[in-house]
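Every heavy atom of this structure was used, including side-chain atoms; hydrogens, water molecules and symmetry mates were not.
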Amino acid sequence: MAESIEQLRIYKSSRSAEDRVYELVKQLPLDQFYGLGNDLRRSSAAVSHHISNAHRLFSYRLKLDELTAARREAEATQKYLETASRLTSTARLADQYTIIIKQAWGLSKWLRAKLEKTREEAEITAKEQLSASVV
């Protein structure tokens, strides 16, 4: 992964989308501002939070878990945006969350490959140590 969280495209996208969600919430009618608005703000903030956590963690398995949580939150944000679409235009913002979901899948695929490679290397090392101890 990147050295700095700000270098990750997925993080930049999620922060940009989060900012746009906050601007959208300001445009919601008062009767929707607290209910739907809070749900939108919470889920959009959770996306970038989980991506940030995935970046700082050491274990590939934990990184994958955080990316899965980020994808779930991005999907929840899309559902809230569908509800908000009756009130304002949210199509472009929903598309931005689709891109984030795709980026999360791609990053997950890359991390799974790294995890598998690490497991194979550990298995080879264990076999070598076992054969050396037998001799």
- Message: Just to verify, what does K26 make a side chain to side chain donor-acceptor pair (under 3.5 Å) with, not counting sequence neighbours?
- Response: E23
Please tabulate, for side-chain N and O atoms in residues 35-44, each donor-acceptor pair with protein atoms closer than 3.5 Å (sequence neighbours left out).
from	atom 1	to	atom 2	distance (Å)
N38	OD1	R41	NH2	2.2
N38	ND2	Y34	O	2.8
R42	NH1	E73	OE1	3.2
S43	OG	D39	O	3.0
S43	OG	L40	O	3.4
S43	OG	T77	OG1	2.8
S44	OG	L40	O	3.0
S44	OG	R41	O	3.2

- Query: Sub-3.5 Å donor-acceptor pair from the side chain of T90 to the main-chain atoms of A84, do we have one?
  - Reply: no
- Message: For a 4.5 angstrom cut-off between non-hydrogen side-chain atoms, does W105 reach T68?
- Response: no
- Message: How long is the straight-line distance from CD of Q103 back to NZ of K12, given to the nearest 0.5 Å?
- Response: 10.5 Å
- Query: With a 4.5 Å limit on heavy-atom distance, are the side chains of S4 and Q7 in contact?
  - Reply: yes
- Query: Got a second to check how far L81's CG is from K79's NZ, nearest 0.5 Å?
  - Reply: 11.0 Å
- How many angstroms lie between CD in E18 and CG in L93, if you round to the nearest 0.5 Å? 11.0 Å
- Note on the structure: Between the CD1 atom in I10 and the NE2 atom in H55, the distance rounded to the nearest 0.5 Å is 12.0 Å
- Message: For D95, give me all partners under side chain to side chain donor-acceptor pair (under 3.5 Å), at least two apart in sequence or on another chain.
- Response: none
- Message: Starting from W110, can I reach L8 by hopping between I/L/V/M/F/W/Y residues whose side chains sit under 4.5 Å apart?
- Response: yes
- Group every Ile, Leu, Val, Met, Phe, Trp and Tyr by side-chain heavy-atom contacts under 4.5 Å, then state whether L115 and L57 land in the same group. no
- Residues which pass side chain to side chain donor-acceptor pair (under 3.5 Å) with S16, listed by chain and number, not counting sequence neighbours: Q96
- Taken to the nearest 0.5 Å, the spacing of Y22 OH from D19 CG works out to 9.0 Å
- Can you see which heavy atom on A94 is nearest to which on Q78, and at what distance? O-NE2, 3.2 Å
- With a 4.5 Å limit on heavy-atom distance, are the side chains of I101 and E75 in contact? yes
- Can L64 be reached from I5 by stepping across I, L, V, M, F, W or Y side chains whose heavy atoms are under 4.5 Å apart? yes
- Message: Between K63 (side chain only) and F58 (backbone N and O only), is there a donor and an acceptor less than 3.5 Å apart?
- Response: no
- Item | Short N-O contact, K127 and E123, less than 4.0 angstrom | yes
- Taken in chain and number order and not counting sequence neighbours, the residues that satisfy side chain to side chain donor-acceptor pair (under 3.5 Å) with R56 are N53
- Message: Are R92 and R20 packed together at the side-chain level, in the sense that at least one heavy-atom pair is separated by less than 4.5 angstrom?
- Response: yes
- Item | R86: side-chain contact (heavy atoms from CB on, under 4.5 Å) partners, not counting sequence neighbours | T83
- With distance as the sole test, does E66 use its side chain to make a donor-acceptor pair with the main-chain N or O of I51 at under 3.5 Å? no
- Task: Give a yes or no on whether the backbone of T118 and the side-chain of E121 come within a donor-acceptor separation of less than 3.5 Å.
- Result: no
- Note on the structure: All heavy atoms of V47 vs all of S14, minimum pair found to be CG1-CB, 3.8 Å
